Structures are given as structure tokens and as C-alpha cells.
Amino acid sequence: MEQANSQRIELAVSDQSQLGPLQVLLSLAAPVAAVSRIAGQPVAGEQGTLDVLAVLASSSGLVAAIKVLPEFLKSRKTGLAITTTVKGQPFTIVATNVDEVMPILEKLLDA
């Protein structure tokens with residue numbers, strides 16, 4: 001059940017085998033956040049989508065959760081990407097652009 005001050009972000013990974021490990025890591029990094037695996041929403045022309053992670057927490061809980069994304073990406077194989085949707089705006093994070101994208105995400109979540 002969503003609380004009035006809670007926000008939600010969705011995380012999609014380019015390699016579905018990494019969704020489970022990411023879910024565990026997010027749950028450990030932000031124990032106050034509710035992290036659940038849900039079916040993604042297809043866009044026009046798609047027949048289906050892959051699962052995504054939905055993270056529900058206060059803005060500080062969400063910031064705690066996304067702060068582990070750089071290390072997660074750096075510890076995985078090259079080419080893994082995480083697409084984060086914050087307030088309807090998608091951001092794709094890869095190991096090479098993490099320093100540019102993370103400040104934007106943190107600012108959006110604090111707003």
C-alpha cells in the first residue's frame with residue numbers, strides 16, 4: 001500500500017539474469033524501501049515486456065537505493081545497462097555515464 005509521502009521508481013536491466021541480484025542488493029541497501037518484481041508495461045507495437053523492479057519509498061529511501069547502482073554496474077560485465085524511470089522520465093545508466101546520470105537522479109528524487 002502506498003503512503004502519501006512515498007515515491008516510486010522502476011528499474012529495468014538489459015540482462016534479465018541480473019534482475020534478481022539487483023533486487024537483493026536494493027533490499028539490503030535500502031531496507032525501508034519496498035522492492036518488488038513486476039511485469040513491465042508494453043508500449044504501442046510491443047507484444048510484451050520483461051520484468052522490472054518497482055521501488056517504493058520516501059525520497060531518502062530511494063536515494064539510498066539508487067546510490068548502489070554504480071557499484072552494481074561496475075561489478076558486472078561490460079555492457080549492462082539499467083534504465084531507471086523517475087517521475088515518468090527514463091534514464092539509462094551504464095558504467096561509463098554513471099557520474100553524469102546519478103546527480104540528476106538524486107536531484108529529481110529530492111525535489
Side-chain angles (χ1 to χ4, degrees):
M1 187 146 54
E2 290 190 29
Q3 297 177 350
N5 61 350
S6 293
Q7 295 181 36
R8 175 181 159 151
I9 61 171
E10 289 186 4
L11 303 167
V13 293
S14 59
D15 178 354
Q16 283 286 294
S17 70
Q18 298 301 310
L19 200 61
L22 181 57
Q23 183 176 7
V24 170
L25 181 64
L26 291 172
S27 296
L28 293 172
V32 296
V35 182
S36 56
R37 190 175 187 156
I38 62 171
Q41 297 295 319
V43 295
E46 289 183 338
Q47 292 183 349
T49 62
L50 301 173
D51 289 349
V52 298
L53 294 178
V55 183
L56 179 68
S58 66
S59 62
S60 62
L62 291 178
V63 169
I66 65 162
K67 283 190 181 241
V68 300
L69 296 180
E71 290 307 315
F72 182 81
L73 285 168
K74 291 175 185 174
S75 70
R76 298 307 195 259
K77 66 179 181 176
T78 305
L80 180 66
I82 299 174
T83 300
T84 307
T85 305
V86 178
K87 298 180 181 177
Q89 183 70 31
F91 295 91
T92 300
I93 307 167
V94 294
T96 56
N97 76 354
V98 84
D99 292 333
E100 299 165 13
V101 175
M102 292 303 292
I104 297 168
L105 290 176
E106 290 174 20
K107 189 171 186 171
L108 275 174
L109 291 172
D110 283 336

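What you are looking at is a predicted structure, and each value in this text was computed from that prediction instead of being measured. All residue numbers refer to positions in the sequence shown, counting from 1.
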What residues form a salt bridge (charged side-chain N to carboxylate O under 4.0 Å, His left out) with E71, not counting sequence neighbours? none

Minimal non-hydrogen separation, [X] against [Y], with atom names:
| X | Y | value |
| --- | --- | --- |
| A95 | K74 | CB-CG, 4.5 Å |
| A33 | V55 | CB-CG1, 3.9 Å |
| D15 | S17 | OD1-OG, 2.7 Å |
| G61 | V32 | CA-CG2, 4.2 Å |
| L53 | L19 | CG-CD1, 3.5 Å |
| V94 | A81 | CG1-CB, 3.5 Å |

Are [Y] and [X] linked, directly or through intermediate hydrophobic residues, by side-chain heavy-atom contacts shorter than 4.5 Å (ILVMFWY only)?
| X | Y | value |
| --- | --- | --- |
| L28 | V35 | no |
| L69 | L25 | yes |
| V68 | V52 | no |
| I104 | L73 | yes |

When you look at L26 and L11, which way does the side-chain contact (heavy atoms from CB on, under 4.5 Å) test go after all the steps? CA-CA 11 Å; L26 291 172; L11 303 167; 3.3 Å; yes

Okay, side chain of Q16, backbone of D51: is any donor-acceptor separation there less than 3.5 Å? yes

side-chain contact (heavy atoms from CB on, under 4.5 Å) evaluation trace for I38 with E10: CA-CA 9 Å; I38 62 171; E10 289 186 4; 3.9 Å; yes

Roughly how far apart are [X] [atom1] and [Y] [atom2], rounded to 0.5 Å?
| X | Y | atom1 | atom2 | value |
| --- | --- | --- | --- | --- |
| K67 | E106 | NZ | CD | 4.0 Å |
| L109 | S59 | CG | OG | 7.0 Å |
| L62 | L108 | CG | CG | 11.5 Å |
| T84 | M102 | OG1 | CE | 8.0 Å |

Could you walk me through whether I93 and L105 pass side-chain contact (heavy atoms from CB on, under 4.5 Å), step by step? CA-CA 10 Å; I93 307 167; L105 290 176; 3.4 Å; yes

Restricting to side chain to side chain donor-acceptor pair (under 3.5 Å), what partner residues turn up for S27, sequence neighbours left out? none

If you measure only the distance, is there a donor-acceptor pair under 3.5 Å linking the side chains of R76 and Q18? yes

